[in-house]
Amino acid sequence: MAEVKFLVFADLHHYPGVFYTEARKRLAQIMQRADDEKVDFAVSLGDFNHSVKTFPEIFDDLKNYSTKLYHTLGNHDTDGAALSDALEYFHMPAEYYYFDVNGFRFIVLDTNYYDSSCGQIHFQYRNYFDFPRTRETMPQKQMDFLKDAIATAPGQCILFSHASLERHHEGGGGTANQPQIREIIRQANANGRKVVLSCNGHHHRDNIRILDNVAYFDVNSASFDWLSKPHELYPEELRKQNELIDHQATFQDALSAIVTVNDDGTIKIDGCKSSFLYGVTREMSPNPICDGSGRPCVAEIQSAHFKLL
């Protein structure tokens with residue numbers, strides 16, 4: 001009976017002077033948890049570093065830990081750099097790839113494309129802001145890669161992406177062509193469990209939903225919730241030092257989850273709980289309580305234990 005155990009986190013947002021995340025301290029908490037739990041590996045679900053060439057110091061911190069960290073590209077990971085620079089600093093073989101551990105296949109996807117008159121363009125240097133309706137798109141070439149990666153896998157598959165493969169695109173912000181992606185998953189599972197779990201970041205929410213016998217895990221941010229409408233509730237000194245802190249409901253501690261998957265269909269998630277920095281919650285700001293998918297902001301990642309059919 002095959003089993004794998006890994007740590008997952010999302011949306012660290014290392015961006016000194018802009019976001020107040022103390023990302024290096026949070027990364028230390030996360031990676032120490034990974035080492036202490038003796039996981040097989042750890043994975044970041046994107047938005048790790050807003051400008052890899054400007055703020056490379058956080059990559060040196062990873063040398064202090066024995067657990068290998070795999071990266072998924074987030075929309076902000078190329079805000080201050082070219083795609084090629086991000087791949088180099090993250091030590092990624094390509095923008096999407098897979099690796100095998102303990103008989104499972106882990107498929108890392110890249111949802112950071114937009115449709116334009118010039119075709120499907122990868123995000124870099126914040127070029128996607130003018131294309132909100134076609135953002136978070138996965139090109140056909142990558143969907144072909146996904147189909148082949150699942151078909152040739154030695155065992156069950158787990159997917160990692162930044163944008164959700166479960167949320168609706170309109171309003172919820174999920175991947176634009178998720179119906180086609182989910183159809184690939186459904187076809188792969190037609191004769192038994194092949195894809196069992198899909199983990200995503202991006203939305204800064206905590207949610208688990210089972211669709212077509214696949215668990216979709218919306219992994220909360222390691223650091224904060226983004227608030228479109230600002231507030232002025234943090235101490236003045238912090239507000240002076242961090243440009244966008246008024247758009248944050250910040251978590252006191254780093255959030256991460258330990259996920260254990262068994263090939264009999266059992267999935268165990270050990271989350272963690274925190275609180276809000278200075279007690280500032282989303283409800284205290286001029287923003288809706290829930291996001292476009294009806295999910296509230298909470299300072300935790302839930303724990304769960306269930307078995308797929």
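If you're wondering where the values come from, they're calculated on a predicted model, not measured in any experiment.
Crowding of Tyr15 atom OH: a count of heavy atoms from other residues, nucleotides or ligands under 6.0 Å not exceeding 12. Within 6.0 Å of CD in Glu232 there are 12 or fewer heavy atoms belonging to other residues, nucleotides or ligands. Heavy-atom neighbours of Lys194 NZ from other residues, nucleotides or ligands within 6.0 Å: above the threshold of 12. The number of heavy-atom neighbours closer than 6.0 Å to CG of Asp60, taken from other residues, nucleotides and ligands shown, is above 12.
Taking the ring centroids of Phe123 and Tyr113, they lie at or beyond the 6.0 Å cut-off. Taking the ring centroids of His91 and Phe59, they lie at or beyond the 6.0 Å cut-off. Close placement of the Phe48 and His71 rings is indicated, their centers lying within 6.0 Å of each other.
Rounding to the nearest 0.5 Å gives a distance of 11.0 Å between CD1 of Ile184 and CG of Asp148. In this structure, Asp115 CG and Asn177 CG are separated by 8.0 Å, a value rounded to the nearest 0.5 Å. Rounded to the nearest 0.5 Å, atoms OG1 (Thr175) and NE2 (His202) are 8.5 Å apart. Interatomic distance, Asn200 CG to Ser164 OG, rounded to the nearest 0.5 Å: 4.0 Å. The distance from the CD atom of Gln120 to the CD atom of Gln142 is 9.5 Å, given to the nearest 0.5 Å. Going from atom CG of Asp264 over to atom CD of Glu3 covers 8.5 Å, rounded to the nearest 0.5 Å.
Without hydrogens or angle criteria, Arg239 side chain to Asp246 main chain gives no donor-acceptor distance under 3.5 Å. A donor-acceptor pair under 3.5 Å is absent between the side-chain atoms of Asn207 and the main chain of Asp218, judged by distance alone. Between the Asp206 side chain and the Gln302 main chain, a donor and an acceptor come within less than 3.5 Å of each other. Counting only distance, with no hydrogens or angles, the side chain of His162 and the backbone of Gly201 share no donor-acceptor pair below 3.5 Å. When atom types are taken as modelled, the side chain of Gln156 and the backbone of Asp263 share a donor-acceptor pair closer than 3.5 angstrom. Checking side-chain atoms of Thr134 against main-chain N and O of Tyr114 turns up no donor-acceptor pair under 3.5 Å. In this structure, Asn242 contributes its side chain and Leu238 its backbone to a donor-acceptor pair below 3.5 Å. A side-chain donor-acceptor contact under 3.5 Å links Arg26 to the backbone of Thr21. Side-chain atoms of Arg105 do not come within 3.5 Å of backbone N or O of Ile158 as any donor-acceptor pair. Between the Asp110 side chain and the Asn112 main chain, a donor and an acceptor come within less than 3.5 Å of each other.
Ring pair Phe6/Phe41 is parallel by interplanar angle, where below 30° counts as parallel and above 60° as perpendicular. Classified by interplanar angle (parallel below 30°, tilted 30° to 60°, perpendicular above 60°), the ring pair His204/His13 is tilted.
Electrostatic pairing of Glu37 and Lys5 counts as a salt bridge here, judged by a charged N lying under 4.0 Å from a carboxylate O. Salt bridge annotation for Arg295-Glu166: present, with a cationic side-chain nitrogen under 4.0 angstrom from a carboxylate oxygen. At a threshold of 4.0 Å, the pair Asp270-Lys268 counts as salt-bridged, since one of the basic side-chain nitrogens sits closer than that to a carboxylate oxygen. The pair Asp144-Lys141 fails the salt-bridge criterion, with no side-chain N (NZ, NE, NH1 or NH2) lying under 4.0 Å from an Asp/Glu carboxylate O.
Taking the side chain as every heavy atom from C-beta outward, Ile121 and Asn127 approach each other to under 4.5 Å. Within the 4.5 Å cutoff, no side-chain heavy atoms of Asn49 are placed close to those of Thr54. Contact check for Val214 versus Leu159: no side-chain heavy atoms found under the 4.5 Å cut-off. Contact of the Val261 side chain with the Thr266 side chain is not registered, since no non-hydrogen atoms from C-beta on lie closer than 4.5 Å. In this structure, the side chains of Thr250 and Val280 stay at 4.5 Å or more apart for every pair of heavy atoms.
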Show your reasoning for whether salt bridge (Lys or Arg N to Asp or Glu O under 4.0 Å) applies to Asp225 and Arg205.
-> CA-CA 8 Å; Asp225 182 30; Arg205 287 296 184 273; 2.8 Å; yes

Give the C-alpha distance, both sets of side-chain angles, the deciding distance and a yes or no for side-chain contact (heavy atoms from CB on, under 4.5 Å) between Leu69 and Thr67.
-> CA-CA 6 Å; Leu69 176 61; Thr67 302; over 6 Å; no

Could you go step by step and tell me if Ser293 and Asp291 meet the side-chain hydrogen bond (donor to acceptor under 3.5 Å, both in side chains) rule?
-> CA-CA 5 Å; Ser293 290; Asp291 67 5; 4.6 Å; no

Might you work through the side-chain contact (heavy atoms from CB on, under 4.5 Å) test for Asn287 and Ser228, ending with a clear yes or no?
-> CA-CA 7 Å; Asn287 292 271; Ser228 297; 4.0 Å; yes

Candidate pair Asp77 and His50, rule side-chain contact (heavy atoms from CB on, under 4.5 Å), full reasoning = CA-CA 5 Å; Asp77 287 318; His50 281 245; over 6 Å; no

Before giving the answer on ring-ring contact (aromatic ring centres under 6.0 Å, His included), spell out for His14 and Phe19 the whole-Å C-alpha distance, their side-chain angles and the decisive distance to 0.1 Å.
-> CA-CA 8 Å; His14 183 50; Phe19 287 129; over 10 Å; no

Yes or no on side-chain contact (heavy atoms from CB on, under 4.5 Å) for Ser223 and Gln248, after CA distance, side-chain angles and deciding distance?
-> CA-CA 9 Å; Ser223 49; Gln248 294 180 228; over 6 Å; no

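Under a hydrophobic-cluster definition in which Ile, Leu, Val, Met, Phe, Trp and Tyr are linked whenever side-chain heavy atoms come within less than 4.5 Å, directly or via other members, Leu109 and Phe104 are assigned to different clusters. A continuous path of Ile, Leu, Val, Met, Phe, Trp and Tyr side chains, each step under 4.5 Å between heavy atoms, connects Val43 with Tyr65, placing both in one hydrophobic cluster. No path of Ile, Leu, Val, Met, Phe, Trp and Tyr side chains, each step under 4.5 Å between heavy atoms, connects Phe224 with Leu45, placing them in separate hydrophobic clusters. Note: the hydrophobic cluster containing Ile185 also contains Tyr98 (ILVMFWY, side chain heavy atoms under 4.5 Å, direct or indirect links). No chain of hydrophobic side-chain contacts below 4.5 Å, direct or via other Ile, Leu, Val, Met, Phe, Trp or Tyr residues, connects Ile150 to Phe160.
Relative to the six-membered ring of Tyr216, Arg182 meets both conditions, a distance below 6.0 Å and an angle of at most 45° to the axis.
Screening residues 255-289 for ring pair (Phe, Tyr, Trp, His ring centres under 6.0 Å), with sequence neighbours left out, gives Phe251-Phe276.
Glu283 and Ile289 make their closest contact through OE2-CG2, 3.9 Å (heavy atoms, listed as atom of the first residue, atom of the second, distance). Taking each heavy atom of Ser256 and Leu7 in turn, the nearest pair found is OG-CD1, 4.0 Å. When every heavy atom of Leu308 is checked against every heavy atom of Val196, the shortest pair comes out as CD1-O, 3.4 Å. Ser161 and Leu165 make their closest contact through OG-CG, 3.9 Å (heavy atoms, listed as atom of the first residue, atom of the second, distance). Pairing each heavy atom of Ala10 with each of Val219, the nearest pair is CB-O, 4.0 Å. Ile181 and Met143 get closest at one heavy-atom pair: CG1-SD, 3.8 Å.
With respect to Tyr96, the ring pair (Phe, Tyr, Trp, His ring centres under 6.0 Å) criterion is satisfied by exactly one of Phe106, Phe145, Tyr70: Phe145.
Residue Tyr125 belongs to no hydrophobic cluster, having no ILVMFWY side-chain heavy atom closer than 4.5 Å to its own.
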